[in-house]
Each structure stands twice: as structure tokens, then as C-alpha cells.
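To start, the structure under review is shown below, and the notes come after it.
Reminder, nothing fancy here: chain letters follow the sequence lines and each chain counts from 1.
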Amino acid sequence: MTGWTSVDELVAQIPDGSRLALIRDGCGVAMTATRALLRRGVQGLELVNVPTGGMQTDLLIGAGCVAELETSGVSLGEYGAAGRFADAVQRGAITLKEATCPAIHAGLQATEKGAPFLPLRGILGSDILRFRSDWRVIDNPLTDGAADPIVAIPAIAPDVALFHCPMADDAGNVWVGRERDLVTMAHAAQTTLVTVERRYAGNLYDDATLAAGTLSSFYVTAIAEAAEGCKPLGLPNHYDEDEGHLRAYAEASRSDATFAAYLDQHVMRTEVA
Amino acid sequence: MTGWTSVDELVAQIPDGSRLALIRDGCGVAMTATRALLRRGVQGLELVNVPTGGMQTDLLIGAGCVAELETSGVSLGEYGAAGRFADAVQRGAITLKEATCPAIHAGLQATEKGAPFLPLRGILGSDILRFRSDWRVIDNPLTDGAADPIVAIPAIAPDVALFHCPMADDAGNVWVGRERDLVTMAHAAQTTLVTVERRYAGNLYDDATLAAGTLSSFYVTAIAEAAEGCKPLGLPNHYDEDEGHLRAYAEASRSDATFAAYLDQHVMRTEVA
Amino acid sequence: MTAFKKEELLIAAMARLLRGTRHIAVGVSSPIPASAALLTRRLSGGSTRVSILGDPSNTFWSDGGKELFDCAAQGRVDAFFFSGAQIDGSANINLVGIGDYPQSKVRFGGSYGSAFLYYMIPRIILFRPDHNARVLVPKVDFISAAGTSPPEVWRRGGPHALVTGKGVFSFDRAVGRFTLESVHPGSTMEEIKDATGFSFDVAPDLKETEPPDAETLDLIRGAVGGEIAATYPKFARETLGVAT
Amino acid sequence: MTAFKKEELLIAAMARLLRGTRHIAVGVSSPIPASAALLTRRLSGGSTRVSILGDPSNTFWSDGGKELFDCAAQGRVDAFFFSGAQIDGSANINLVGIGDYPQSKVRFGGSYGSAFLYYMIPRIILFRPDHNARVLVPKVDFISAAGTSPPEVWRRGGPHALVTGKGVFSFDRAVGRFTLESVHPGSTMEEIKDATGFSFDVAPDLKETEPPDAETLDLIRGAVGGEIAATYPKFARETLGVAT
């Protein structure tokens, strides 16, 4: 833990070309930090969606920040298709590593456990496998010769994990609550950057109830305060998503021109509270 | 969840011959339930220590209830050796599946994930591997031919998991707090039996802070109230272990005769508050 | 017979397919499947558990997003719903794109968990309200998840039925083919044949899809509507007539 | 020079071996290693993190018992301590039993996490206060964890040093042998040779183990003693003279 910092300083710790792990919608998407990252003009990111993406991924792709994307799916949910994602894939503008949700979880858990891969059932017969030359089909070694093919999912090792949580304490411990995927991401990533709604006065480990939902500062590189840091997405128990904004974004994401206008108006102008 | 019941009814759901997963000391060892199980005269248990054992395992072995034990180690900690365990091993009275801690975690996580095995680094060169004919050395399939041996740990599938927690609610949700190994055990086991210090009034999921440390009733077969249910072992944030009792047990465990006297005095007579 | 909406017919038809399940999980953006699951729970007297992704009052997950997949892998999820941009006669589903991969002519979100859950959950119900030959194709352009597997592939789950806006099909995993079991009121078998891009069998006792009876309609519009309103207020209000 | 106890010498000697580590983990029933780790943290100005299993005020684990092993596997634990019922000249350790396995003449607890951590943690310090030929043997009866591995075995960690009641050895993983680096005050090299069942090399600049200076003793008896008292009150009181 290097300490508490500003959102701009936080995203300065995401080098161009980083393999960047991002959590799915509704579990702590760091949107304020993402806008700061876009303003910085980050380049060549290799995104890992954990395990799916939404507006955040679509924004980064639309702004030309993404070289590669590993995902199980990108959409704007009930607001429709992620237009910049679909456009970039169709134009071949990004390298797409098509996956399925539990494979991304397994890949991160492999890194968490120091294993080169985890075996995963299912998948066989899916075209996903045909296009994932890094995935291997092996024979279950425990069957003593009977055929039992299973897919070996290679470890996914992000350089950086970025997410948003309700609170963190002065020592840098972060309260993730039920969102245990954030723990896996932090364990698997070299650098973990977190924005939070607020500072917690005291040490989260001093309260046995809070400790149960706490990620230790040991795994956290830096933290910045960002009230309403998921908006226009929501943060459970804190605020709902901004439906009007998301509907407008879905519209904007349909073409380069409307996306550029959105980016200029809602991202590139300095964040105002 | 079949519901709240008595400790005796709870342990009635552990059939003779069950593969029974037990948590390590200090994390919620269900000692009151274990005494009830001993009084019932359970036979032929296949214990899985998660990942180590102490007095609970030694008691069950000493009383002749155990046919097989998978463990990474059994001891009474600072009170010394687990006498009945050592004696049973030396006499060949139990089948011992010698393991190492992360292998037991990996085996349970394999079952949790529906995988037939998980690969685990280390171990190669240890005699543990020589005596575990069920473990296999495979070549890492991702190296494209370069030798990289790694051990495949088979899934461990307990019939029953038994542990003790601070509280559970009427619906059967259990607050495990930081003891996430209990979650893995419950996910991996067919039947999960829990004793708790007390009933929580309300639903644990209605409080976002408590929800973060909650195991759903979905994974829980039955619950019984057992105040001080870990004693003479301790439960963090609730009570310390009873040092005098544990010292006396360590003495008693040194021989069949002294153990028999302990068993009669402290276990076989009906539990009195 | 009480008048009913198409959505109510579909909810009742799917609930019949879910009978006897202990645990039904429902993905996001699925008001009709979620309503069918909640109706099943009502009809079971509460013994069927329902998990609706995205609805905190109907989920018990506390181990992250991986828990659904682990739970299914443990054999603890009995039923789930998939849609498909394309579905073919072998029950392969395509959630990825139309045309040659990767630079598809039309690109959808992605396969999500289908490539795992299809193999793990015993009763997968394929649901696609718009029944036409663009959706129900001879062969999908991209197999997100395969309908059947060769015998050496470990598989607990798979396609159980296909429910569309025109009828209900069962799926025989051994044969690898759909069988039309019932035709919704207002549709005909000829119409279904014309609108289906793959060949299928027809049940010898082909029936009309049983309309929801008055009691079921009361449940759908009452208790189920009230519950579904938490996640899908617009659907509950506009389709089920719930005052929200 | 201030008078010091043997335990204080061992604490100071082990702290020298831990210099520069970012994260030291200590197992249960290890008051001297835990004290050495806490002394290292003090001397680092707090930049070294110490995790003491079983001491809630010095642990950050919130992912269950598996977290220590995962953490080590991630390369986030730099140093750890092992004992051994037997230790041989190749740094193999035996925590299982004396005699033929499984019905050993003497049975110990088991290998615990050693068969994994020995391969994962760069600086494993073997610690055995009683230095004699029954413990330090030519070949262990059961290899709980191997001191060295063939080149094709992935391995980040391994034996770094052996600290006994008589001296300090380094271990060369390439050669697979111990080298006696220093002899504790009051012992001699001859005495060590007689009490060691395996052959070892002797450092050309063999020294006397450096005694703790006054400042270090103050730290051990003061700040470190106060911290260790939380887990080992008896040790803090009786050995370090802490008023508890």
C-alpha cells in the first residue's frame, strides 16, 4: 500500500499497455477513475472483463484505448448493445479473446493459487474453444486411461485490477462486502487500485463484522476517494444506476460521431461534482 | 435446509461410514456436537481435516470411531502430541491419507468447482506423493512439450461438513465471518451441519455488513443451538480455549487407559450445561 | 375461459416445464422466465428455490459472481434459461454473431456463461418469443454452447425444451432433435413449420398449449406480479397489470 | 557487552537473516521465530510486514486458511520458518515420523504446509534449538518437503539457512549442501561437527555468531517483548522478562 491519493494520481499507476482487470456492472465499476483514465489518454490496454463488460469497456474501446479484450460478453444490459464494442470487433480494431464466465474466474483463481492452469468442465464443442489457441484440451489424468477430455484454462495474470468499493480505512484496508470477485482480482493482480465512496474512521479489522468483508491493504497499491464513483452505473445499497444517462449512452454508442460527442461532453471536460 | 433441531438430532444426520469434513482448531470446531456424536457411538468415519486436526480428531480416533483420516497434521498445538492419533497410526488401526495443507484446500475447491482435480505446485520430491497413489503427476499442458511436472490433486467430496459458528438466523443462514474455509466445506459437502452460539433475530441478508460473512441456508442441511459449542477449544471474539482442560486432555491422550477415563468422565455422561 | 395475454401463456407453459425442480436460476433481462420461476415457487408451496440474478431479495450469493457457476457445477441448480441469437435443430445456440467469426456481420454480446452452464444444469429451457427462420436456423454461425456432446464428454446438463411465441418443443438428447409438443392457441403446425429453419419431429399426440387456468392467472397477476415488480417494474405494470 | 540469553542471540541472528524482506509469515508455536520477525519489522521502520498465524492483531487473512498458501503461491511471502523432527544434509525435512512409514516408531503431527511452502517462499529458515545427531541426520526417514529439486521442477522457494542452538548454517541450493557460517558464543566447531549427523562445509571466514548489541537487546526486551506477549505471554514473561 503506497497510500491514499487523488483519482488522477491513482490512474497514473496504470501504464499504457497494461493488462487491466475490470469488474462487471453492479459490483463496483470504477467509473470516475475510468473517466480520469480516458482523459489521460491511456493507450494499448489489454482488458480482462471479470467476467463481463458494459459501459466502461465500451467507453474505453470507443475512445481507442484498447488493444485487446478478454471477455465473456459485453452489453449495456437492458439498454441494448454495446455499440463501440461491436463496431471494434467487426472492424477487427481490437484483438478479442472470446471466453465464457467461469473460465475467466478460473483463470484468475489459477493465478491466485500459483497454478499454471485450472481444469474446467463444459466448453467442449463450443466454437470458443476453436478460437482460443491458448486453451488446451487434456485428458483427465485420474481416469486411468478412460477418455475424459477437459479444458485447461491458463492462468490470467492482470498487471492491474481497478474497482470501486463502499469504503476503506486509513491503513488502506478496503471493505468489499459480498463482492468476493474483487478479492480474487486483487490476489491475482500485481497492482490493485481502488476508489471508494468514503474513508472509514478506524481500522476495519478491529470490527469482526466488517473484517469478514475486508480486503487487506496488503493487496492494495493505492486508494482514492471518489464519491458516487460508479455513476452513472450503480453501487448496491448506495445508489441506483442513472437510467436516463445510460439510455443516452446506449444511443451515443451506436456511431462514432455520436460517441465522440458523448466522450467530449461527459468525459473529456474536467470532472465536476 | 431442513431446519433448526437439537444437537442430538443434528448428529443423527451423520451416518456411520460418512466422509466427514472437520475444520481446524480456532475456526469453529463443533465440540459439543462431537461429544454427542461420540455418545451416539458413530462408526467407520472417514475424516477429512480441513486442513489439520486437533483434539476433536484425536477424540474420535481414540474412541474407535474412525476408519480413515485424510490430514496434513494432527497435534494438540502447544499442549503437545495427539496421543490417540499417533498410537492409531503406529498400530495401523486407521488408514492414513497423508496430505499437505494446500492440497486439502485444493481438493475441496475442486469439488466446489465441479472439477475432477486441481493442479498444485510444490510437493514433488516429498514422500507424501509416494504414499498417495490417488495423486498423479502430470505435465503442465501449456508448456508445449517442455518438461514441467505438476501434481494433480483429486477432488475431495465430503458426505458431511460439521462446524460451529457465532450465529444463524431463523431461515438457516449462517454467519461464518472471516472463516471462509467453512464456505468451501459447505460448497463441497453433500450435507452441512452447523451448531451456533445463538439465533440471530431477523435475516442476515437484510444487513449488508452481515451478509458479507454469511453462508446461505441453501448450503445448510440443519442447525442446532449450542452455546459455547467449541469448548474446551476457543471461538475467536467469543471465548478462549480452556487451557487447563486441554492440558489435562493432552495427558489423558497418552494412553488407552487414561483416554478411556477422560472419555467416560467428559463425554459419555450426558452433556450438562 | 378467462382471457389471457401471450406472455401469461408463456409463463404458465414454462412453469409446467419447471415442475419438480428444487432450484431455478434466472439470468438478467428475463422477465418472462423469472415470472415462470416465481410461479413455480408459488405452485410448489415455496419448496422450489428461485435465484434471480440482479435481484438482491431473490439471491443468496455471497461468494462473488463465480458462485452461480460453482453452484451449477456442484449440481445445485436444476433449471436455467437461455436465449439465442440463433438456435439450430441440434440445440446449438449462438450468442456471439451472425456471419463469419470474428468479424461477424452482426455482433452480439458474447457467450456469457452458456458454454459452461449448458453442460451443468439438467433442465435448460431455450426461450425465444419471436419464432422465425432467421432465429431458428439449420446451423448456427457460431456455437456458443453445443446442444449435445459425444459420449466421452462429461455432461450433466443440456437442453430440455424450446419455448417460442408459437409453440413448445421438447429435445431428445440421445437423438439430438427437437419434437414439437404443443402449438400455442392462435398458431398452427403449418405456420410453425414455415417459420422454423430446421427440421423437427412432431409429437404423435400434438396438443394445443394448455392455457393458464383462472387460478394460475390469479397467481401470475397477483403474487408473482408483485414479486417480479422488484426487478421488472415496467413488465409487471404494463404486461401483468400490477399497480406499481 | 550486555549479558544476553541464548534465545536473544537466536532472535538477533535470525533477524539478520530476515533483513530486506517485505513480508515474513510465522507459523504456530514459534515464539523465537515470531520475535525475530517482529524485531525485523522494528529494524525496518515498519516497512516489513509480519503475519503471525494465530495472532489476530498480526494477521490480515480474511479468505480462510487457504489464504496463507495462496499468498505464498503469489510470491507475496518472502520468509517463513520450518522446524523438523529430522533435518538432513540436503535440507530435506521430516515432520512425520521416525522409522519406517507409515507405522513409524515415533509419529509426529504431519507435514502441514511444508510440502508446498518450501517450494514457494524464497527464504525458508530452518530452526532447531536442540542441535544433535538424532535431529541432524544423514538422511531423513520421511521427506515431508525436499530441500532441493531437479531443474525441471518449478520452484521459487527453498532453504535459506539453518539456525540451531549451536550455530548458523547457510544452504547452497545449487550444490545442495549446508555451510557453517558462524558458531554461537560458548560452542565450538568441533562440538558442532560431533553433534551433526550430516557432512557440511565450513565458511572460510567462519565467525562467532554476532551477539545482540545493547540497542537490539533493548528492542527485544521492550517493543518486541510487548508485541510477542499477545501470543506468547509465558515466553515474553519468563524469557524476555516482560511484565505481563
Among A110(B), A208(B), P102(B), P116(B), which residue has the highest count of heavy-atom pairs closer than 4.5 Å to chain A?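 Highest number of pairs under 4.5 Å: P116(B).
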In terms of heavy-atom pairs under 4.5 Å, which option from I138(B), N140(B), I150(B) contacts chain A the most?
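Between I138(B), N140(B), I150(B), the count favours N140(B).
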*With E241(B), which of L235(B), D25(B), L246(B) fulfils side chain to side chain contact (heavy atoms under 4.5 Å, CB included)?*
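In the set L235(B), D25(B), L246(B), the residue that makes a side chain to side chain contact (heavy atoms under 4.5 Å, CB included) with E241(B) is L246(B).
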Part of [X] within contact of chain A (heavy atom distance under 4.5 Å):
X	result
D207(B)	neither
W175(B)	side chain
E179(B)	neither

task: Between chain B and each of P141(A), A211(A), A115(A), count heavy-atom pairs under 4.5 Å; write down the option with the most.
output: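 Highest number of heavy-atom pairs under 4.5 Å: P141(A).
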_Please rank P119(A), G213(A), G177(A), A152(A) by heavy-atom pairs under 4.5 Å with chain B and give me the top one._
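With the most close heavy-atom pairs to chain B, the winner is P119(A).
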Legend entry - Donor-acceptor contact below 3.5 Å, side chain Y239(A) vs main chain C230(A):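 Indeed, once roles are kept as given, a pair shorter than 3.5 Å links the two residues.
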Report task. Output yes when a side-chain donor or acceptor of D139(B) lies under 3.5 Å from a complementary backbone atom of D148(B), and no otherwise. Result ->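 At least one qualifying donor-acceptor pair exists.
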> Are any of the side-chain heavy atoms of N49(B) and V74(B) separated by less than 4.5 Å?
Replying inline: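 Answer yes - side chains close enough.
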*Evaluate the ring planes of H187(B) and Y219(B), with Trp represented by its six-membered ring, and classify them as parallel (under 30°), tilted (30 to 60°) or perpendicular (over 60°).*
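If you compare the ring of H187(B) with that of Y219(B), the planes turn out tilted.
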Query - Minimum heavy-atom distance I23(B)-V29(B), with the two atoms named - result: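 For I23(B) and V29(B), the tightest heavy-atom pair comes out as O-CG2, 3.5 Å.
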